[in-house]
Amino acid sequence: QVQLVESGGGLVQAGGSLRLSCTVSGLTFSAYGMGWFRQASGKEREFLSVITWNGESTYSADSVKDRFTISRDNAKNTLYLQMNSLKSEDTAVYFCAAGSFGRMIQGEVGYWGQGTQVTVSS
């Protein structure tokens with residue numbers, strides 16, 4: 001059974017930082033691109049960032065590219081999202097995903113995690 005489990009969400013002050021993790025099991029982690037998405041209350045799910053299977057290339061949405069950094073540790077089957085300079089508008093449920101680097105940028109995902117809540121206080 002494929003499982004993607006996010007962790008590290010919580011309440012943080014505006015301007016602060018948070019690191020999300022996503023642990024993956026049930027698939028060959030190193031064979032997949034990985035990405036992060038988020039969905040704010042009442043909004044559509046939004047693409048944030050994607051990383052290639054070996055971590056050599058990344059692509060991030062304009063809304064977060066100067067503040068968020070995606071990374072992965074294939075030895076630990078873990079994906080990370082380092083979030084800095086957080087804003088109230090970053091409040092959302094954050095989802096990790098596995099799939100194709102190119103297709104995930106367009107929202108086409110093979111596997112989803114169940115999400116972790118990030119709330120940024122203002």
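Computed from a predicted model, the values in this text were never measured in an experiment. Starting from 1, each residue takes its place in the sequence as its number.
A distance of 5.0 Å separates CG of Leu27 from OH of Tyr32, quoted to the nearest 0.5 Å. If you take OG on Ser7 and OH on Tyr94, they are separated by 15.0 Å, rounding to the nearest 0.5 Å. Atom OG1 of residue Thr23 and atom NZ of residue Lys76 lie 12.0 Å apart, to the nearest 0.5 angstrom. Taking CZ of Arg38 as the start and CD of Gln117 as the end, the distance is 12.0 Å to the nearest 0.5 Å. Rounding to the nearest 0.5 Å places CD1 of Ile51 at 9.0 Å from OG of Ser60. Between the OG atom in Ser122 and the NZ atom in Lys87 there is a gap of 13.5 Å [rounded to 0.5 Å].
The minimum heavy-atom distance between Cys22 and Met34, with the atom names listed, is SG-CE, 4.3 Å. Closest approach of Phe29 and Leu79 over heavy atoms only: CZ-N, 4.1 Å. When all heavy atoms are compared, the tightest approach of Phe95 to Glu6 is CA-OE2, 3.3 Å. Taking every heavy atom of both residues into account, Gly35 and Ile70 meet most closely at CA-CD1, 4.1 Å. When every heavy atom of Arg72 is checked against every heavy atom of Gly55, the shortest pair comes out as CD-N, 4.0 Å. In terms of heavy-atom proximity, Leu18 sits nearest to Gly10 at CD2-N, 4.1 Å.
Around atom CD of Glu108, more than 12 heavy atoms belonging to other residues, nucleotides or ligands sit under 6.0 Å away.
Cluster annotation: Leu4 and Val109 are assigned to distinct hydrophobic clusters (Ile/Leu/Val/Met/Phe/Trp/Tyr, side-chain heavy-atom contacts under 4.5 Å, transitive). Under a hydrophobic-cluster definition in which Ile, Leu, Val, Met, Phe, Trp and Tyr are linked whenever side-chain heavy atoms come within less than 4.5 Å, directly or via other members, Leu48 and Tyr59 are assigned to different clusters. Taken together through direct or relayed side-chain contacts under 4.5 Å among Ile, Leu, Val, Met, Phe, Trp and Tyr, Val50 and Val64 form parts of separate hydrophobic clusters. Placement of Val5 and Tyr111 in two distinct hydrophobic clusters is found when ILVMFWY residues are connected by side-chain heavy-atom separations under 4.5 Å, directly or transitively. Hydrophobic cluster membership is shared by Leu86 and Trp36, with clusters built from Ile, Leu, Val, Met, Phe, Trp and Tyr side chains linked at under 4.5 angstrom.
Asn54 contributes no side-chain N or O that, together with a main-chain N or O of Asn74, makes up a donor-acceptor pair within less than 3.5 Å. Listed for the Thr91 side chain is a donor-acceptor partner under 3.5 Å among the backbone atoms of Val120. A donor-acceptor pair under 3.5 Å is absent between the side-chain atoms of Ser57 and the main chain of Thr52, judged by distance alone.
Side-chain contact between Val118 and Met83: present, with at least one pair of heavy atoms (C-beta onward) separated by less than 4.5 Å.
Note: Trp112 and Phe37 have perpendicular aromatic rings, judged against thresholds of 30 and 60 degrees for the angle between ring planes.
A side chain to side chain contact (heavy atoms under 4.5 Å, CB included) with Phe68 is found for exactly one of Leu81, Asn84, Leu20, namely Leu81.
Checking Glu89 against Ser63 by side-chain atom types alone, no donor-acceptor pair falls below 3.5 Å.
Electrostatic pairing of Asp62 and Lys65 counts as a salt bridge here, judged by a charged N lying under 4.0 Å from a carboxylate O.
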